[in-house]
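Shown next, in structure tokens, is the structure this report addresses.
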Amino acid sequence: MDMPKVTIDGTEIEVPDGATVLQACELAGKEIPRFCYHERLSIAGNCRMCLVEVKPGPPKPQASCALPAANGQEIRTDSAMVKAAREGVMEFLLINHPLDCPICDQGGECDLQDQAMAYGRGGSRYHENKRAVTDKYMGPLIKTIMNRCIHCTRCVRFSEEVAGVDEIGALYRGEDMQITTYLERAARHELSANVIDLCPVGALTSRPYAYEARPWELRKTLSIDVSDAIGSNIRVDSRGREVLRVLPRINDDVNEEWISDKARYQVDGLTRRRLDRVWMRRDGQLQPAGWDEAFAAIAAADAGSSIAAVAGDLVDCETMLAAKRLLAALGSTLLESRQTGLAYPVGNLAAVNFNSTLAGIEEADAVLIVGSHVRWEAPLLNVRLRKAVQRGARVFLIGPQWETTYPAEFLGEEAGLLHALPGHVAQAMQDAARPAIIVGPGGLAAGALHPALALGEAWTVTREGWSGFNVVHAAAARMGALMLGFAQPGGIADLANASPKVLISLGADEMDYGRFGGALKVYIGHHGDKGAAAADIVLPGSAYTEKDGTYVNLEGRVQVADRAVFAPGDAREDWTILRALADALGVEVGFDSFDALRAAMIAEVPALGTEGLADYGPLPPADGSVRAEGRIAYPVRDFYLTNPIARASVVMQRCSAELVHGEDLAEAAE
Amino acid sequence: MAARNPAPDTPELRARWGSFAWTESNAAKAREIVARYPEGRQRSAVMPLLDLAQRQVGAETQTQGWLPIPVIEFVARELAMPVIRVLEVASFYTMYNLAPVGRFHVQVCGTTPCMLRGSDDILAACYRRGMRKGHTTPDGMWTLTEVECMGNCASAPMVQINDGNYEDLTPERLDAVLDALARGESPKEGTQQPGRHTVEPLGGPTTLTAMVHANHDYRGEWRGDSR
């Protein structure tokens, strides 16, 4: 079909078929003001701010967001009619909007404020009383000042269309319309706070960030989220030494425009329970110490090559490479990152990668999920799966039930089901044009990797133009760690069996330290969590906002984060601690600066030097002798408390108490 | 229109209405209503089902009926739709009562034609009988609401009481209707003007008078026909 040709303000332009007039104007470089229109939501057409003049058509301004661009249209965005229309709409919107910009958290980044300046009249002609609306409770994250609401319904459309949880609605009508959650219950899903970004005014603002700062005071740093393995692109807003908030950056391949509530709100944990000095265990108790003392004690352990390192879930690739170099210099290769004891084979990383890619999984038309609580392990992957279902995909799950946001069929909790799938499931997967298998941490623990690979071979999930075999990880550091060789054939048990004299823990807070009773446990990390409590020596390191670093997400996407703030107190960037430790132990590690370290990392794993998807080659052949067995269990027990930063966060604790455990209590009471 | 808040979601409300289910005859009606809509579009039945539920509540409480939160949730379950969407519908349309009403819901039209024809007197007559806007009388008989145009402008002023319209009112005629209702009678609906049947002109037709008894061709009588 031909591309329609339209004339915009006298310039002729070809636009894609199916584009709206608003999109055509944007292609022509014209700014169209809007409130209700949003690229990722359905078209509502209720704010009327995007009015333009279109010929042929009725002799009145038309809402460009809902009008298809058609061949031969003459569109004007600069006529007197358009100017008058915009002024009129703006005047109506401001009738009931309070003039409280000076005390409004949206001030400075408010669409209404900006557009009133750009398109509104200079003053007000309205002298009557303004409408008053009671504020609504929407949970611990969303603060509401409903007087400011302009009824754009973006939040309603987000919760219905993207989150898939119908809980926000517009009650009453006309001037009395009010946005609320059902019975003012807390918004109960993992992406709820995205409505704060979507709200074009200050009606929905961030409760934890209320009255904290003005946008122009903040230093913006581009970073990568570590709260899950999605690798969401984020912007860290900081003032002085404190991170005040995290906002999503747009990356259509990864997080689109959203981030999870945990990624957004765990940052208040960065100032709590911090390790800001060196601690050493004396007489069974951790006591303050100095760096020299600590290094001397490690040297005195005289470990030689009897040293092991465990990487935590949040560490960057550079830190892991520094630790690997240190161990190599001492003659050890005892590296592991799978703290919870997983021991899946990692000879071929394609087998443990999300090969469909996050954007690609939307194209799948039949999906079998084995042991993954997708909403809690990778909330943004769940958004993609919902889109796939909306396009007609069927989803089958093996594992305990959880609340999906799309129609899906739970087949049972036994991993052994993989060897005896119901006929209709096998048939659906067999018949699918783009079948996908997703194995989660629960599936990996039940030994489902090779049975799933075998099914993938049977269904040819990898075919021309489609790669359908996927593994979901829950730890941001996992893929990078595997690329750097932080894996033993037998998992962490191999490390325990080697009984190392020294165990270096790079922020490992989920592992069982009891298995390393004889080792001198050196914890390099940033929070006083389980790892620090078990350690003999605590060396204070940096959190993800306090260091440059490279991260690899679950689809093998290499991404680089920048440092936003400095670590508190005596804490240092992790690699400098390992470098100093090398000196104390009298070995050479071959880097003296971060640049040299990064160069060494790229020399060792070249894929880490290029941002973008790493190529892991073809899938390995399935080992048909491996049987999946046992009841699948999900490792994530509480979405809001999965890492030491989140556990230290007051906001996340409140979310956990109210949204996860409050529900249990309420159900028990009924 | 005043803001209409749903009755608070209290344990007492849950206890009273939590087990709401269709009566046998209403269950059959509900099935018939849902079947009117194409497969996959059952949600379209939300408005008639809300009405049916309100009527059933009315039958159980001897009132016009209203929609307690548990009943709204019941309708949502019946149609497998999110309850917030049902509440959106119920709160949008003023004919769904979100709070308890009395035996008779007196809805006085106060829009311009009725106002010009004396709706203020009608309201005053209601006030004299102890009704207050937005309230139910202590005996549970009368709930008074002022509403916008009901489309009976040719026989203004009017009130709607439950399912019946009473038109061409004066305070005396309204009192007669209300007294009859209070006695348990069913007063004649429609116009209360003696000699008037529907909304025909009082005192006989004023136009097309030649056509009252037989068809009549007016075309020959047109003057100044420019064609």
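Order of the sequence lines fixes the chain letters, A, B, ..., with proteins taken first and strands second; residue numbering starts at 1 for each chain. Scope of the values below: all heavy atoms of this structure, side chains included, with no hydrogens, waters or symmetry mates.
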Part of B:P6 within contact of chain A (heavy atom distance under 4.5 Å): both

Any donor-acceptor pair under 3.5 Å from B:N97 side chain to B:A99 backbone: no

Within 45° cone of A:Y640 ring axis and under 6.0 Å: A:K262 NZ or CZ: no

Carboxylate-amine/guanidinium contact A:D197 A:R154, below 4.0 Å: no

Side-chain donor-acceptor contact under 3.5 Å, B:E88 with A:Y182: no

Contact origin within B:I69 toward chain A - heavy atom pairs under 4.5 Å: both

Residue among A:E160, A:M177, A:E175 with most heavy-atom pairs under 4.5 Å to chain B: A:E160

Engaged part of A:V156 at the chain B interface, taking heavy atoms whose separation is under 4.5 Å: both

Segment of A:L171 engaging chain B (4.5 angstrom heavy-atom cut-off): both

Donor-acceptor contact present, side-chain A:D261 to main-chain A:S192, <3.5 Å: yes

Contact class of A:R131 relative to chain B, heavy atoms under 4.5 angstrom: neither

